[in-house]
Amino acid sequence: MNEEQLSKRLEKVASYIKTNERIADIGSDHAYLPCFAIKNKTASFAVAGEVVDGPFKSAQKQVRTSGLTDQIDVRKGNGLEVIEKDDKIDTIVIAGMGGTLIRTILEEGAEKLAGVSKMILQPNIAAWQLREWSEKNNWLISSEAILREDNKIYEIIVLEPSQKEVTWTKQEIFFGPCLLKEQSAVFKSKWRHEANTWQNIIQTISSNQPISDENQAKIHELEHKISLVEDVLK
């Protein structure tokens, strides 16, 4: 993977960046995504944010090598603190982190979201955390994608601010409103695998008698999740 050819996951993330957008890529790593977006003229300006020194230096080197220092500003900082008002960022990208961490970044940098018209989020796990956040903060899920790459399944959530109150059902938060409607082959494969995993955990816990109150509660939680999956896939 490089700035010319992204991974399948990042290529899908990049597809949601439209012409002349000013983006902030949080946790940019090697800055491949902003370099790709600038070279393909979907972004006109980018901030590449990194909190870890190694990736920060790698991003700086990549931007210099690509000859894009006038259009991509690599900054070291935690989460959305790398965004400045004068950047006039309209699109925020956060990809490759856990859903809980992405949610924390959004909560801690809430004041930086003023003026942002789109967020493209790709959580590695716990995507429901971001859907729950979107409901509580009135961001509409305008699009979702699910894909498989290197035997891993990734979800992408695109959010846009809403003037109306946003409400999702429990099913929509858990599975994703757009993904739930589409029910692609990858979607079905993911949730069948999850349900089988949970069933195996239940069997393991149940084999250890007597079952503690804590483990009994865990069994009930997993049985509820399996029930949700069965209702969707039936």
- Item | Ion pair check, Asp150 and Lys152, cut-off under 4.0 Å | no
- Message: Do Leu113 and Ile92 have side chains that approach each other closer than 4.5 Å (heavy atoms only, starting at C-beta)?
- Response: yes
- Query: Counting distance only, does the side-chain N/O of Ser58 pair as donor-acceptor with the main-chain N or O of Gly54 below 3.5 Å?
  - Reply: yes
- Apart from Val51 itself, which Ile, Leu, Val, Met, Phe, Trp or Tyr residues share its cluster (side-chain heavy atoms under 4.5 Å, direct or through members)? Val52
- Note on the structure: Those residues at least two apart in sequence (or on a different chain) that pass ring pair (Phe, Tyr, Trp, His ring centres under 6.0 Å) with Phe174 are Trp191
- Task: Using atom types as modelled and distance alone, determine if a side-chain donor or acceptor of Asn138 lies under 3.5 Å from a backbone N or O of Val166.
- Result: yes
- With the side chain counted from C-beta on, respond yes when Val47 and Glu84 share a heavy-atom pair under 4.5 Å apart, and no when they do not. no
- Message: Once side chain to side chain contact (heavy atoms under 4.5 Å, CB included) is applied, do any residues pair with Glu81, and if so which ones, sequence neighbours excluded?
- Response: Asn78
- Shared hydrophobic cluster, Trp133 / Ile125 (ILVMFWY, side-chain heavy atoms < 4.5 Å): no
- Check: Lys12 main-chain N/O paired with Ser15 side-chain donor or acceptor under 3.5 Å: yes
- Message: Once side chain to side chain contact (heavy atoms under 4.5 Å, CB included) is applied, do any residues pair with Ala59, and if so which ones, sequence neighbours excluded?
- Response: Ala31, Val74
- Item | Non-hydrogen side-chain atoms of Ile226 and Ile202 separated by less than 4.5 Å | yes
- Item | Close side-chain approach of His220 and His224, heavy atoms under 4.5 Å | no
- Task: Check whether more than 12 heavy atoms from other residues, nucleotides or ligands sit under 6.0 Å from atom CD of Gln163, and answer yes or no.
- Result: no
- Query: With a 4.5 Å limit on heavy-atom distance, are the side chains of Ile105 and Met97 in contact?
  - Reply: yes
- Message: If we ignore hydrogens and angles and just use 3.5 Å, is the side chain of Glu144 paired with the main-chain N or O of Cys178 as donor and acceptor?
- Response: yes
- Determine, for Glu132 against Arg103, whether the closest basic-nitrogen to carboxylate-oxygen distance falls under 4.0 angstrom. yes
- Item | Spacing of Ser184 atom OG and Lys190 atom NZ [to the nearest 0.5 Å] | 11.0 Å
- Query: How about Phe187 and Glu182: do any of their side-chain heavy atoms sit closer than 4.5 Å?
  - Reply: no
- Message: Name the residue from Thr91, Ile72, Asp87, Ile38 that meets the side-chain contact (heavy atoms from CB on, under 4.5 Å) definition with Ile23.
- Response: Thr91
- Lys225 NZ to Gln199 CD distance, which is reported to the nearest 0.5 Å: 14.0 Å
- Sidechain-backbone polar pair: Ser134 side chain, Arg131 backbone, donor-acceptor under 3.5 Å: yes
- Taking the side chain as C-beta and beyond, is there a heavy-atom pair between Phe36 and Ile17 under 4.5 Å? no
- Message: Quick one: does any side-chain atom of Thr197 pair with a main-chain N or O of His193 as donor and acceptor, under 3.5 Å?
- Response: yes
- Query: Which residues pass the salt bridge (charged side-chain N to carboxylate O under 4.0 Å, His left out) test with Asp53, sequence neighbours left out?
  - Reply: Lys57, Lys76
- Item | Short side-chain to backbone donor-acceptor contact, Ser66 and Val63, under 3.5 Å | no
- Task: Can you tell me which residue pairs pass the side-chain hydrogen bond (donor to acceptor under 3.5 Å, both in side chains) test with a partner in residues 111-123, sequence neighbours excluded?
- Result: Arg9-Gln122, Glu21-Lys118, Gln122-Asn124
- Message: Is any side-chain heavy atom of Gln71 closer than 4.5 Å to one of Ser44?
- Response: no
- Same apolar cluster (I L V M F W Y, side chains within < 4.5 Å links), Ile173/Ile157: yes
